[in-house]
Structure formats: C-alpha cells, structure tokens
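All remarks here apply to the structure that follows.
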Amino acid sequence: MDSYVIQVNGHGDHAPVLDVHLSTNGNSLSLGKVKGRKPRWAVRASEMSKKTFNPVRAIVDSMKVEPNPKKAMISLSLGKTLLFFNFPKGDPTVFGNLPTNDEVTQAMKEVLDSGRYNGYAPSVGKLICSSCEEAVAAYYNCPEAPLQAQDVILTSGCSQAIELALAVLANPGQNILVPRPGFSLYKTLALSMGIEVKLYNLLPEKSWEIDLKHLESLVDEKTACLIVNNPSNPCGSVFSKSHLHKILAVASRQCVPILADEIYGDMVFADCKYEPIATLSTNVPILSCGGLAKRWLVPGWRMGWILIHDRRDIFGNEIRDGLLRLSQRILGPCTIVQGALEHILDRTPPEFYHNTLSILKSNADLCYAALSAIPGLQPVQPAGAMYLMVGIEMEHFPEFENDVEFTERLISEQSVFCLPATCFEYPNFFRVVITVPEEMILEACSRIQEFCEMHYQGAEGAQDMECDK
C-alpha cells in the first residue's frame, strides 16, 4: 500500500510549514513546502453582479410616496398594484380585459393532457431542427426575408433573445448604439457584460423618428451593433418604410449589424403599416428578436426567438455557432409551450389580432384626445405597441424639479401612477400604457387634468415662483 507522510516543521518565530512527502512503493517523493494558511470566509459578489443595474427599478424604488387614500389607485405603468404600485413590467394581462385567444389556451391544454412534453427539450443543432423552429421559420418566412429552421434560435422570452444577441455580437470594451428614449433592459444587459452604451436620440416632433445624423456620429471602430426597436417601447411609434431604409443606409455605410427588437411586430394601428426591417435589407445582417408575449398576450409563458437574417453571409458560421452555444447554457424555453407553439402560430384566428388592436387604438385615441386638451402637457400620438409618451412643459409646473417629482405628486394627490420617462433616459416626459380598461383610462385622464389645473402656472405665475425660490 502507498504511504503518505505529512510533516509540520516550525522554528522559532517562523510560521509553520507543511513539508509533504509521498512514499509510493518504497520511493520517496517530496512535493515541497507550502506555507500554512488559516482559512477564513471571503465570499464576495461578482463584478458582473455589481455592474448589473436596472434604472427603472432604481427610480421606482426611490419614489417613497403613498397614494391618496380617498381615491382608488390607477396604475398606468403596466405594473400590478401591490400596496400601491410594483415594478412596472410590460404586462398586458394585468387588468384582465385583454385575454389571449381560446385557440392559444386550447393548444396548451392539449399539450398538458398529452403528457408528451414533461421532459427536457430535444437538443438543437445544425442537423436536428425541431418542429418549433420549423413553425417559427414558416410563420415569418417571406420572399423578401427568407427563413429556414436553422435560422431560428428559441429562447426563454424576448428578453433572453436580446441577451443572447448582445452576447454573441459584442465583447467587453466594445459599444452598442441604443435609442433614447428606449427600453431600459438594453443598458442593464450591456453594462453587466462590460459593454459601453451610446444613446442616440429619437425626435418627438417627428413621431419619434431616429436622429440619423446623431446616430451616425456615434459610430466608431468599437461599435458592435445598432439596436432598433420598432414598434417602440416606450414611444408607441412605428417607423415608415422610407425611414427604415435610411436606418439601413447608415448601418450599411458603417458596416454595423442590427439587433432588431421586434417584440411588438405587427401590433400597429389600422392607419399604419409595420415593415420588418429584414425585409428591406439587401446587405445589412440582422438578428431579429421576438416572441409570444405581446401579440399573443401571454408574457408569462416565456417563449421568444431570434431570427437570423444574413443574405450576404456576413455573420457566417461564427455568429450562428456562437448563438447556438449560448442558447445551450440553459435548457431553453418551457417544453409545454414549445409543444403548443405550432398550434398557436397556425390556428390563432386573424380576428383575435384585429380585436386586440381595435381596443388599443380606441384607448390610444381616447387618451391622446384627453391629454392634448390639458394645458402644460404635450402627448405624442402613438401608432402601435401599447404606449403613449407625454411631454411635460416643466416651465409651467415650477414647483416640480423634474418628471420624477411630477409623477410622485400625481400619485400622492390623485392616486394615478405613470412612469417618469427618466426611466428611459428621457426626462420631462412620462409614459402611459393603453392596455388599461377604457373606464379607468377616462378616470385617470380626468384626475391628471385636475392635477395639472391645480399646479399649472402661466408665464407670469411661473416667473413669480422662480423669484420666490
């Protein structure tokens, strides 16, 4: 039998030393001397966790106000009301007035009853494409932007799709171009990965079109990708075909790929047309991120996807293989939803989409008309998605420092919660959601009007307030 001898040698004031000798079959082998060490706990949070920061969470947490107890709380932030408000998530199911279609729920019931989808999902690879990838490819395939099953990566919701797309396109030290105002998740994910965020401006006076000169001025040798969110959260804007062509021209000149956040794709009102950006691209490679959450009104089911559009083979195998490897870090989206996906995509009736958009359009028109009539507010007419942005003429509300104070007082006095647009890097605006039931929208707008009439100051009044400060 092999023997192991460990000697501890200490001399005077010197620290003990472990002198390790191994004796194997009579042959002695010394592994040297190792200084003794007293173990102590030293558990620290990772650098990635320290860099992870959600600006919406931070701002909402800082709003230490209570609603008016005499008025029922109305949340126009898409957050469930817990105490008086909770973290605002893009959840159209909160009020129960926008249920998903019966075909969608029936598909899930059949899958559950079958008992065939309780295990792990099958492996995904170049030679093995499940019916899910095939179903998504068939649903979005068109002559202008052809897709096959191998062009689809399934993800756990659109948020993970965005995360994987960023992770495959950008390295620490590079930068990405992000809209302002824009969805806060882009910045949260990028900073946690050590990726710099450069904000390009959207123009409210042009229905939130991109300031193309500003966008192009931000590009440098470290720019990894351009994020284009269309239709937009938080703006509710929809880019025209001509504007999308101009965006593609910038990306083409600068050789910058596009990450297209199209989770609200096809959620546009009747007087507008949605154009997937990939259908207009002749050479710019695009990763399009989408999912079931918004259009099918099931955000909790966490089913998303990345569509790889790469006509000129600029991404090549490297980006495709990278996405595949990244997608295999976890076991993918819920297998039950995967089992129902083909049925959901194929059998959801067109009238379901039409009815949802009719409700959203009606609510948007009501809200826009009501808020446009209020002195000091400048709403921007939305064309799709679930949101409307409202400008605050802060010079007429001199007792408030910014949009955060404005919305805090709106809660405390009127029990109406709107999300301050500082959350989206765009101060002196607030965001309203239009998924709220019509009667609640009308009541909320009435309270906002009362609040503004109470605090609005004309030019002379505002000057007097400034002198008193």
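Since this is a predicted model, take the numbers as computed values, not measurements.
- Using modelled atom types, one finds a donor on one side chain and an acceptor on the other under 3.5 Å when comparing T422 with D403.
- Residues V168 and F315 are not in side-chain contact: their nearest non-hydrogen atoms beyond the backbone lie 4.5 Å or more apart.
- Classification of E209 and K246 as a salt-bridged pair fails, no side-chain N sitting under 4.0 Å from a carboxylate O.
- Paired with I176 under the rule side chain to side chain contact (heavy atoms under 4.5 Å, CB included), one option of I227, V256, L169 passes, and it is I227.
- Under the 3.5 Å distance criterion, with hydrogens and angles disregarded, no donor-acceptor pair is assigned to the side chains of S362 and D365.
- Considering L202, N201, L226 in turn, L202 is the only one that fulfils the side chain to side chain contact (heavy atoms under 4.5 Å, CB included) rule with I210.
- Interatomic distance, CE of M440 versus CG of N363, reported as 11.0 Å (0.5 Å rounding).
- When ring centroids are compared, Y274 and Y353 stay outside the 6.0 Å threshold.
- Distance check, rounded to the nearest 0.5 Å: CD1 of I162 to CG of L287 gives 11.5 Å.
- Across S288 and E262, no two heavy atoms sit closer than the pair OG-OE1, 2.5 Å.
- Residues L164 and R329 are in side-chain contact: their nearest non-hydrogen atoms beyond the backbone lie under 4.5 Å apart.
- Look at K222 and E196 and you find no salt bridge, because none of the NZ, NE, NH1 or NH2 atoms lies under 4.0 Å from a carboxylate O.
- When side chains are defined from C-beta on, L166 counts as touching C225, because their heavy atoms get closer than 4.5 Å.
- Taken from CD1 in I286 to CD1 in I258, the straight-line distance is 5.0 Å, to the nearest 0.5 Å.
- Among the candidates W208, Y200, Y426, the single residue satisfying the side chain to side chain contact (heavy atoms under 4.5 Å, CB included) test with P179 is Y200.
- Here E163 contributes atom CD and C289 contributes atom SG; the two are 11.0 Å apart, rounded to the nearest 0.5 Å.
- Considering only heavy atoms from C-beta on, W301 stays 4.5 Å or farther from W296 through its side chain.
- With a 6.0 Å radius and a threshold of 12 heavy atoms from other residues, nucleotides or ligands, Q148 has its CD atom at or below the threshold.
- Sorted by first then second residue, the ring pair (Phe, Tyr, Trp, His ring centres under 6.0 Å) pairs that include residues 236-262, not counting sequence neighbours, are F239-H243.
- In this structure, M386 CE and R431 CZ are separated by 10.5 Å, a value rounded to the nearest 0.5 Å.
- Atom CZ of F424 sits about 8.5 Å away from atom CZ of F183, to the nearest 0.5 Å.
- Of the possible polar contacts, none joining the D321 side chain to the L324 backbone as a donor-acceptor pair under 3.5 Å is found.
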